[in-house]
Protein chains: 2
Amino acid sequence: MKRTSEVTEQEFLREYDASKYKRPSASIDCAIYTVIEQQLQVLLVERAEHPFKGSWSLVGGYIDPAVDQDLLGAAKRKLREKTGVTTPYLEQCITVGSKERDPRGWSVTTVYYALLSADLVQLKAGAGAQSTKWAPVHEGRVADKLAFDHAALLAMCTERLRGKVLYTSLPLHLMPSEFTLSELQSCYETILGRALESKSFRRRILSADILEDTGKENTDTKRPARIYRRLKSAGTHYFVRNIEGPHREA
Amino acid sequence: MKRTSEVTEQEFLREYDASKYKRPSASIDCAIYTVIEQQLQVLLVERAEHPFKGSWSLVGGYIDPAVDQDLLGAAKRKLREKTGVTTPYLEQCITVGSKERDPRGWSVTTVYYALLSADLVQLKAGAGAQSTKWAPVHEGRVADKLAFDHAALLAMCTERLRGKVLYTSLPLHLMPSEFTLSELQSCYETILGRALESKSFRRRILSADILEDTGKENTDTKRPARIYRRLKSAGTHYFVRNIEGPHREA
DNA sequence: AGAATAGTGTCTGTAAGACACTATGCC
DNA sequence: GGCATAGTGTCTTACAGACACTATTCT
């Protein structure tokens, strides 16, 4: 039985004033990966404004409550603004928040990573005419000193990516629409930073039933190679065993 | 060469007024799991205030920029306030944010999940004298209708937990400090919702070298069982293969 | 022919599943 | 002895690694 002096939820919400409370800022950041010339690369943008004006950073920015429907939508918007790509592989990696990570105060950022084929991208100078570039990633790091804690965010995304490459078909999303098994293997090797046995690799990929033979051949190489395409019906494949290391030392 | 009319970063930060911008609210939520009587259980609290006053929800609340150093600290604070436990297994699962999920407006919440042994917990009525309870989780759901989108958050955490149980030693964190292999197997089975082959299970766990024999025996059962303890030196073990399903149908 | 790259045959090794078996206690 | 639970022996199966082999094209 409800006493009339109690506030209903409707009344509560009518009186609720969000501006009374201190809130952290909320942003998203995105490590956008591709593979170019046997190197894992990440898209960087040069910051046009303070703080860290002139530094390179991951793609990202504040959530705009007036524009963004949800968090994933905000990530897709940033990605679209910088690359023109609308439907890449996009996965949330981690959210970090602290008093220290942004000099403007307490901030929370949700970090996504995206995988896409380099040939889909026309780099766009975004709002503020910032310049953008691909930077090679080695051991989870780029040569440039990154703004904020973006070096740490990139390292976390790269570690997550490497981990998942051991038991999934994720690298397919880094390939152009048609490719050979050797090219796919090279992509795996680039991310893992080591050579793989080609027999094991082919057996693993082919038995997963995630590729379609186009019937075409790539004749740019010595011996022509079969050209495959990702099966549209296939989502990300999860293998039941990891790619393991070599069993013998060199 | 710097023109004197340019603003330095210091000047920029001195002038920066965070209150000029609309921000989403930022909170954390935590699915706190334990296993009691062969059932996976999650800790729920009854909301003392609007919105969803009187509904059950996961443990959580706003980040307090004045109190919390960082996101993980905020999660630990909530956990401590509700359970008194300070160092459980705690892992970030997902962050969701949208205009719709909280009637007070755009909100972002980072969801953690915690694993702990039921015998560590003295349930505490927290600030606002809310009541708390353990609720059994079946197929990722509890019987109660949860506040906000907490049913979806719980489902995501539970799915993540189930997935990781296939290739890690995570369930160790749900056990009391000493336990038998049968008890541990039962814990795995509870989470996975199916029986495991005991020979495979024992081989897997024992060869991982993560347990220590206490030398004691549990005599509550028909045949006494060796009692083990988690090796302090062992972190989470990642098996190279998943627990698979049965190979034959019944 | 020789080099380079694509692709196969087939052996070994490892860890999971199946399941019958033994071991130890209680009644 | 009969039951329940703990724990083992050992065969089969699935799939990764090793590596020598064949296949196709170019020069």
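Below, all heavy atoms of this structure are taken into account, side chains as well, without hydrogens, waters or symmetry copies. Lettering follows sequence order; numbering is per chain, from 1.
Annotation: ring pair (Phe, Tyr, Trp, His ring centres under 6.0 Å) contacts of A:Phe179 (sequence neighbours excluded): none. Every residue two or more places apart in sequence or in another chain was checked for a ring pair (Phe, Tyr, Trp, His ring centres under 6.0 Å) with A:Tyr238, and none qualifies.
One atom, CG of B:Asn218, and another, C1' of C:dG25, lie 12 Å apart when rounded to the nearest Å. Following rounding to the nearest Å, A:Leu196 (CG) and D:dC15 (P) show an atom-to-atom distance of 18 Å. For B:Glu244 and D:dC15, the CD to P distance is 7 Å, given to the nearest whole Å. Atom C1' of nucleotide C:dG25 and atom NZ of B:Lys222 are separated by 8 Å, given to the nearest angstrom. The CD-P distance, from B:Glu217 to C:dC26, rounds to 11 Å in whole Å. Note: CG (B:Leu166) to P (C:dA16) measures 12 Å, nearest angstrom. Taking atom CZ of residue A:Arg223 and atom P of nucleotide C:dG7, one finds them 6 Å apart after rounding to whole Å. Spacing between atom CD1 of B:Ile243 and atom P of D:dA14 amounts to 19 Å, rounded to whole angstrom units.
Between the side chain of A:Arg204 and the base of D:dG17, no donor-acceptor pair under 3.5 Å is found. For B:Arg202 and D:dT8, a side-chain-to-base donor-acceptor distance below 3.5 Å is absent, hydrogens and geometry of angles not being considered. In the interface, the side chain of A:Arg241 is paired with the base of D:dA14 through a donor and an acceptor atom under 3.5 Å apart.
Under 4.0 angstrom from either OP1 or OP2 of C:dA6 there lies no side-chain N or O belonging to A:Arg226.
Nearest to the side chain of A:Pro246, among D:dA18, C:dG7, C:dC19, sits D:dA18.
Contacts of A:Glu197 with the nucleic acid, taken as non-hydrogen atoms under 4.0 Å apart, include base atoms.
Applying a 4.0 Å cut-off to non-hydrogen atoms, none of the residues of residues 180-191 of chain B approaches DNA chain C.
Between A:Thr236 and A:Tyr89, some side-chain heavy-atom pair lies under the 4.5 Å cut-off. Side-chain contact between A:Gln185 and A:Leu196 is present, with at least one heavy-atom pair separated by less than 4.5 Å.
Position along DNA chain C of the nearest nucleotide to A:Arg203 versus B:Phe239 favours A:Arg203 as the more 5'-ward residue.
Without hydrogens or angle criteria, A:Asp149 side chain to A:Ala152 main chain gives no donor-acceptor distance under 3.5 Å.
Geometrically, A:Lys145 does not engage A:Trp56 in a cation-pi contact, judged by NZ or CZ lying under 6.0 Å from the ring centre and within 45° of the ring axis.
Using cut-offs of 30° and 60° for the angle between ring planes, the B:His150 and B:Phe148 rings count as tilted.
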